[in-house]
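The structure under discussion appears below in the form of structure tokens.
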Amino acid sequence: MSNLSILETIIKEAKLAANGEIFTPMEPQSEAAERAANDNAVFQADFTLPDALQDKTLEEIFQNDYLTEDELADLASKCANDNFDTLPIVLLSDKENLPTLLDQVSNRLKAKMTVLKSQPLSDEEYTKQLRKVQIEAAYQLLLEYLICQDIKAIKGQKGLKKKSASRKTKKDVVHERYPRLGARQIRDFQKLELPNIYAAVSHAISISEVPTHSMALSKDIAKKVQDEDSKKTEGKMLKDWCAKEDDFETVDKTLTLEKPIVAVSLFANIGIGTSLVEKVTGIKIAVANEWDEWRGKAHRRLYPNCKTIIGSISDQPIFDEIVAESRAAGATFVFTSPPCQDSSNLNTADSKGTTERATLFADTLKNIEAVGYKAGIIENVPLWLVSRPEKALNILGDKTIGEYVLDELNRMEYKTRVGILSAADYGTAENRERCFILFWKEELGDWKFPKKHQFRPTVFEAIHMLKSLEAGEIDPDNRWHYALPLTDHEIEFLKHTPTGMSTWLNSVLYQPKNKSGSAAGASFKASYRRVDPAYPCPTITSGSGSIGDVSSVHYGRPLTEKGCYSDVRVFSIHELLLLMGASADFLDPLLPPKAFDDDFESLHWKDSMLTSKDEDNVRDALGEHVCPKMMLVLLSTFPGDKIATEAKEADK
């Protein structure tokens with residue numbers, strides 16, 4: 001049981017003590033079950049209690065108000081390996097003892113901090129002692145919280161400014177009950193909230209610091225709590241959008257077409273998502289639209305037979321050109337993936353939801369109605385379905401984007417099916433979870449989601465055959481397989497990070513630091529983490545070139561040098577392509593020399609690596625990909641025979 005799990009238990013006990021409630025421990029989950037729950041993205045598993053508390057319910061503890069000396073000794077003994085200290089857990093329900101207990105904890109904490117700062121300790125011993133201090137400090141915050149609850153419960157005497165013989169002011173009552181608390185302490189105690197305390201403790205443990213009162217009251221912690229509350233609310237809302245059992249096929253299917261189907265790709269990026277469609281199916285991408293100039297020109301190079309229109313679909317001339325070209329090509333199918341930044345949890349910018357980009361779903365629907373496709377696929381991040389960006393409220397009214405899109409498609413007389421699916425369930429070594437809306441005309445029949453594959457591909461299966469590289473090295477036999485350089489201090493802490501683990505779990509000496517030696521900041525817990533090779537890769541993002549990005553670091557292999565691991569680097573471009581399920585040679589047409597009659601300049605190289613600008617362009621585009629195997633498998637169940645037959649008859 002981790003220190004953090006113990007702290008979760010302590011905090012829950014404290015909350016119940018404050019509220020006078022009783023809690024019965026849950027059955028413990030196995031590590032494998034907990035990991036599987038976390039891997040399935042939308043909803044997180046609840047925590048379990050330490051083994052030492054499994055044999056004694058909190059109901060029994062609270063009925064007696066305390067644990068006996070023998071029980072305390074037994075609890076301390078059973079939790080010794082978790083550095084669980086010998087503080088009495090349930091003196092917490094006795095308000096009169098709170099100030100005394102707080103003083104005891106505070107004094108012990110000061111003493112331990114003095115030891116940590118003054119004595120020369122080994123790295124291992126320092127880490128062990130630090131964990132104890134962190135738990136002690138967490139107790140101190142919880143005791144302050146309970147005092148806060150008690151002070152809040154004291155009723156004020158309205159209109160009474162000074163105490164009298166019969167009545168006392170709230171200030172006087174508080175002072176009598178807690179004579180050693182100053183006015184500022186009393187004020188600050190009343191601001192403490194349990195979620196903020198837990199967030200402060202979690203954050204402190206993640207950066208090997210001691211949780212403090214000021215940390216629990218900070219704006220950064222308050223924002224973390226607000227974000228977590230938002231995620232929980234959104235998670236509950238997303239549950240309604242998950243595909244049901246009847247939405248899936250029960251057997252594997254294959255798309256067979258007598259005549260090619262002409263398709264359009266909106267928000268095409270560089271065409272990663274449709275890269276296997278033309279190779280494997282009878283669907284031809286005839287028209288594409290991409291607003292970014294570099295990506296649009298790259299798409300032209302990669303799809304020389306496709307009419308790629310560069311510019312924003314929200315601009316009327318561009319919109320009209322897309323519609324005209326689509327009609328002229330006889331397009332009957334559309335792939336569309338409107339921008340997700342305004343609905344993504346990875347976007348923490350203040351401008352989130354306030355730009356024109358947030359309204360592009362409406363332009364997508366206008367295009368669908370104007371061209372009159374027979375069917376199509378809309379892809380986006382799951383939160384897009386429940387999002388209500390500020391810029392789009394005049395369009396949405398009281399609806400979410402998902403509700404609005406489905407209502408509009410139904411108005412256009414399309415049948416629809418919506419679900420949240422992971423590419424890892426369909427032959428891709430990336431656990432990229434996205435929402436998909438299938439829409440089609442009723443005369444085509446029914447279109448269900450494909451049957452999930454039995455096995456999920458792992459990171460190791462996808463890339464283990466590639467050459468092991470250290471930071472700054474290249475593979476002379478593979479143009480796309482090279483390791484971006486790192487600074488010496490980055491190499492040092494990453495070298496000591498075990499396979500599949502986060503650098504935040506290293507000893508303090510080898511945790512992420514800035515060049516100045518100060519602790520590195522991180523907005524996400526998954527940053528500075530080596531990917532676990534035994535599972536699909538977590539979602540690949542546009543920041544894959546940074547070791548501080550979420551899940552961007554190679555898993556590494558143990559070295560003979562004790563405590564050190566290989567492949568100190570981010571994934572190479574070749575590895576990213578394999579993980580997301582694209583062909584290894586997908587980007588080859590972008591290589592020099594220029595062999596096409598277009599205005600793409602080809603990629604620029606220096607010392608066998610892409611220049612920083614082109615490296616950023618490529619990784620940025622790859623980070624916003626649609627998994628090509630995912631598109632392929634969604635089409636395997638598409639009832640496209642009638643469209644192909646109509647096209648064949650039209651040719652006659």
Side-chain angles (χ1 to χ4, degrees), residues 264-279 285 287-304 306 308-313 335-344 346-347 357 360 379-381 423 428-430 432 434 479-482 484 537-546 549-552 570-592 594 596 598-605 609-631:
V264 171
S265 178
L266 302 178
F267 312 101
N269 195 335
I270 60 173
I272 304 166
T274 56
S275 61
L276 297 180
V277 170
E278 287 193 345
K279 290 183 178 180
I285 310 299
V287 181
N289 170 238
E290 169 56 41
W291 76 272
D292 181 80
E293 186 176 6
W294 185 91
R295 293 184 186 184
K297 290 180 178 180
H299 191 279
R300 285 176 180 168
R301 174 72 65 85
L302 292 162
Y303 294 81
C306 173
T308 303
I309 302 168
I310 301 176
S312 176
I313 193 174
F335 299 94
T336 177
S337 181
C340 67
Q341 292 91 334
D342 292 282
S343 303
S344 173
L346 295 179
N347 182 2
R357 182 179 58 194
L360 292 177
E379 180 268 0
N380 219 296
V381 295
T428 301
E430 180 188 6
R432 194 177 187 87
R434 291 293 183 265
R479 190 69 178 269
W480 299 106
H481 187 48
Y482 56 85
L484 293 176
C537 181
T539 301
I540 296 167
T541 72
S542 296
S544 66
S546 168
D549 191 61
V550 290
S551 307
S552 62
V570 296
F571 288 122
S572 69
I573 290 175
H574 191 170
E575 288 167 333
L576 293 177
L577 289 170
L578 295 181
L579 289 171
M580 65 182 63
S583 299
D585 62 353
F586 171 67
L587 296 171
D588 283 358
L590 303 182
L591 292 170
K594 182 177 178 179
F596 298 87
D598 59 27
D599 53 0
F600 186 76
E601 295 181 358
S602 297
L603 297 174
H604 303 85
W605 297 78
M609 297 185 187
L610 286 177
T611 59
S612 59
K613 183 178 180 180
D614 279 341
E615 183 80 31
D616 290 343
N617 282 335
V618 169
R619 286 183 179 268
D620 191 52
L622 293 181
E624 295 185 16
H625 67 282
V626 177
C627 293
K629 290 182 180 178
M630 189 75 222
M631 280 293 155

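- If you take CZ on F571 and CD1 on I540, they are separated by 7.5 Å, rounding to the nearest 0.5 Å.
- From S337, atom OG reaches atom CG of L266 across 10.0 Å, with rounding to the nearest 0.5 Å.
- L590 and A298 get closest at one heavy-atom pair: CD2-O, 3.9 Å.
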Audit row: Y482, E615, side-chain contact (heavy atoms from CB on, under 4.5 Å) steps and yes/no: CA-CA 11 Å; Y482 56 85; E615 183 80 31; 2.4 Å; yes
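- Residues S265 and Y303 have side chains that never bring a donor and an acceptor to within less than 3.5 angstrom of each other.
- Within the 4.5 Å cutoff, side-chain heavy atoms of S583 are placed close to those of K279.
- One finds the CD1 atom of I573 at 12.5 Å from the CZ atom of F586 (value rounded to the nearest 0.5 Å).
- Atom CD of E430 and atom CG of L576 lie 9.0 Å apart (nearest 0.5 Å).
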Step-by-step side-chain contact (heavy atoms from CB on, under 4.5 Å) determination, L276 to M631: CA-CA 8 Å; L276 297 180; M631 280 293 155; over 6 Å; no
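- Taking both residues in full, the closest heavy atoms of A584 and L577 are given as O-CD1, 3.9 Å, listed atom of the first, atom of the second, then distance.
- Heavy atoms only, all atoms of each residue included: R301 and P589 are closest at NH1-O, 3.0 Å.
- Side-chain contact check for P538 versus V550: every heavy-atom pair is 4.5 Å or farther apart.
- Here the side chain of D614 pairs no donor or acceptor atom with the backbone of L603 at under 3.5 angstrom.
- Across all their heavy atoms, A423 and M630 have their closest contact at CA-SD, 3.6 Å.
- Here the CG atom belonging to L484 is positioned 6.5 Å from the CE atom belonging to M609, to the nearest 0.5 angstrom.
- Of all heavy-atom pairs between E290 and D292, the closest is OE2-N, 3.0 Å.
- Considering V626, T539, I272 in turn, I272 is the only one that fulfils the side-chain contact (heavy atoms from CB on, under 4.5 Å) rule with M580.
- Side-chain contact check for W480 and D588: at least one donor-acceptor pair (N or O, by modelled atom type) lies under 3.5 Å.
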Residue pair E379, R432: steps toward the salt bridge (Lys or Arg N to Asp or Glu O under 4.0 Å) verdict: CA-CA 12 Å; E379 180 268 0; R432 194 177 187 87; 5.1 Å; no
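- R619 and S544 share a side-chain donor-acceptor pair at under 3.5 Å.
- No donor-acceptor pair under 3.5 Å is formed between the side chain of T274 and the backbone N or O of V277.
- Pairing each heavy atom of L587 with each of I270, the nearest pair is CD2-CD1, 4.0 Å.
- To the nearest 0.5 Å, atom NE2 of residue H574 and atom CG of residue L579 are 10.0 Å apart.
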side-chain contact (heavy atoms from CB on, under 4.5 Å) assessment of W291 paired with I310: CA-CA 5 Å; W291 76 272; I310 301 176; over 6 Å; no
